Number of protein chains: 2
Amino acid sequence: MPQRPSRTAAKRPVHASVPPAAAVFAALGDETRLTLVRKLTTGPPRSISQLTQGSKLSRQAITKHIRVLQRAGVLRSIRQGRETLCAFDPKPIQAAQAYLDSLSEQWDQALSRLKSFVED
Amino acid sequence: MPQRPSRTAAKRPVHASVPPAAAVFAALGDETRLTLVRKLTTGPPRSISQLTQGSKLSRQAITKHIRVLQRAGVLRSIRQGRETLCAFDPKPIQAAQAYLDSLSEQWDQALSRLKSFVED
DNA sequence: TTATATTGCAACCAGGAGGTTGCCTATGCA
DNA sequence: TGCATAGGCAACCTCCTGGTTGCAATATAA
């Protein structure tokens, strides 16, 4: 929980360690990519071939999805010998959570204002 | 996206009040749409014209974005006289939060397993 | 009733997303 | 050394997305 990505991520830090919320949501907005993310949150880092196994898609298709997730910061990968190991990085997800939390909070406040207005 | 139009429409329960997580994330994966959502979480329901004001985009473009958000369940809209009022619906966002929470939890558990494994 | 404002609908367009295939390089192993 | 495995690159295809414009329909206001 001691995360440093600014909780109010609306300021657009140029050196953003984490891409803007919309980019993270876009990366998560695909079943195939969500499946990859779930695989990597539940288990150890895996190679592209391993991630391709069990999928109907070609290795290249999976590679493209992995790159989308990488650009969003959700995954990191390092070349290890002849294979490329992909690992989950929790920071962008935490940023996305913070974003949704702020949305919910705004909504709750709007509801409160409406309620007290009606009660007058 | 593999499963685009519901060619296999038996994929999710008919009374799903909330579309699958990926659909919600996809809807939120666009700056313009995030801006619309923020506007409607902070304020009262607004018409399409009102939502278009202050944007560089045409009314039709905004309309299309609104429909994307509607399909994801994030917005609801009702015709009121000659204008269409759009309002925020918190359910899909809450579902998305729950999804991210479960991801985080899985990740934490994976870390714990790794830790206790290393310590042995 | 006649304007004016608010939408919806349809056509159209450019570009990007998702997917495949073929080929090449690099690494590990017998 | 030679071969199988892992992955990168590039070309190509199709369809969706995000945007525009023009026009018709409806509802309000004067």
Side-chain angles (χ1 to χ4, degrees), chain A residues 19-37 39-40 43-87, chain B residues 1-9 11 19-37 39-40 44-72 74-87:
Chain A
V24 179
F25 290 134
L28 298 179
D30 181 282
E31 281 310 341
T32 302
R33 289 197 288 270
L34 273 190
T35 301
L36 290 173
V37 169
K39 246 180 227 176
L40 289 172
R46 257 164 277 196
S47 71
I48 293 179
S49 290
Q50 287 174 318
L51 290 171
T52 302
Q53 284 176 5
S55 164
K56 303 280 187 191
L57 300 183
S58 69
R59 172 180 58 88
Q60 279 310 314
I62 299 293
T63 298
K64 285 191 181 182
H65 282 297
I66 289 175
R67 286 215 242 268
V68 172
L69 289 167
Q70 277 183 152
R71 255 180 278 131
V74 177
L75 258 52
R76 288 177 306 106
S77 65
I78 46 170
R79 196 73 193 250
Q80 188 111 6
R82 73 178 152 183
E83 49 189 18
T84 297
L85 287 185
C86 298
Chain B
M1 268 183 223
Q3 57 291 61
R4 207 42 252 143
S6 49
R7 54 188 70 174
T8 55
K11 187 57 180 170
V24 179
F25 289 134
L28 298 179
D30 180 284
E31 272 328 325
T32 302
R33 289 196 287 270
L34 273 191
T35 302
L36 289 173
V37 170
K39 244 179 228 176
L40 290 173
R46 257 165 276 195
S47 72
I48 293 178
S49 290
Q50 286 174 320
L51 289 172
T52 301
Q53 283 176 7
S55 164
K56 302 280 187 193
L57 300 183
S58 69
R59 172 181 57 88
Q60 280 309 314
I62 298 294
T63 298
K64 285 193 181 181
H65 283 296
I66 288 175
R67 287 215 242 267
V68 171
L69 290 167
Q70 278 183 150
R71 255 180 278 131
V74 177
L75 258 52
R76 289 177 304 105
S77 65
I78 45 171
R79 196 75 192 251
Q80 188 110 7
R82 73 178 153 185
E83 50 187 18
T84 297
L85 287 185
C86 298

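Letters A, B, ... mirror the listed sequences (proteins, then strands); counts begin at 1. Quick note: numbers below take in every heavy atom, side chains included, and nothing from hydrogens, waters or symmetry partners. Note that the coordinates shown come from a computational prediction; the quantities given were computed from them, not determined experimentally.
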Between [atom2] on [N] and [atom1] on [X], what's the gap in Å once rounded to a whole number?
X       : N      : atom1 : atom2 : value
A:Arg67 : C:dA17 : CZ    : C1'   : 14 Å
A:Asp30 : D:dC16 : CG    : P     : 14 Å
B:Ile66 : D:dT17 : CD1   : P     : 17 Å
B:Leu36 : D:dG18 : CG    : P     : 12 Å
B:Ile62 : C:dG8  : CD1   : C1'   : 16 Å
A:Leu34 : C:dG18 : CG    : P     : 12 Å
A:Glu83 : D:dG8  : CD    : C1'   : 15 Å

In this structure, CD1 of A:Ile48 is separated from CD1 of A:Ile66 (nearest 0.5 Å) by 4.5 Å
dist B:Asp30:CG -> B:Leu69:CG (nearest 0.5 Å) comes out at 8.5 Å
Residues 52-66 of chain B vs side chain to side chain donor-acceptor pair (under 3.5 Å), sequence neighbours excluded, gives B:Arg33-B:His65
For A:Arg67, the salt bridge (Lys or Arg N to Asp or Glu O under 4.0 Å) test, sequence neighbours excluded, returns none
Give every pair of a protein N or O atom and an N or O atom of nucleotides 27-30 of chain C that lie under 3.5 Å apart, one pair per line with the distance.
residue, atom, partner, partner atom, Å
C:dT27, O2, A:Arg82, NH1, 3.2

Pairs: protein N or O with nucleotides 20-25 of chain C N or O, under 3.5 Å:
residue, atom, partner, partner atom, Å
C:dT20, OP2, A:Ser58, N, 3.0
C:dT20, OP2, A:Ser58, OG, 2.7

Partner of A:Arg46 under side-chain contact (heavy atoms from CB on, under 4.5 Å), picked from A:Thr84, A:Leu36, A:Leu51, is A:Leu51
On a heavy-atom basis, the closest approach of A:Ala72 and A:Ala23 is CB-O, 4.0 Å
Residue set satisfying side-chain contact (heavy atoms from CB on, under 4.5 Å) with B:Ala22, at least two apart, ordered chain then number -> A:Glu31, A:Leu34
Residues at least two apart in sequence or cross-chain that pass side-chain contact (heavy atoms from CB on, under 4.5 Å) with A:Ser49, listed by chain then number, are A:Ser47
Below 3.5 Å, can you tabulate the donor-acceptor pairs from side chains in residues 75-82 of chain B to any protein atom, sequence neighbours excluded?
residue, atom, partner, partner atom, Å
B:Arg76, NE, B:Asp89, OD2, 3.3
B:Ser77, OG, B:Gln70, OE1, 2.2
B:Arg79, NH2, B:Arg82, O, 3.4

Expected list for residues 46-54 of chain A near DNA chain C, using heavy atoms below 4.0 Å, is none
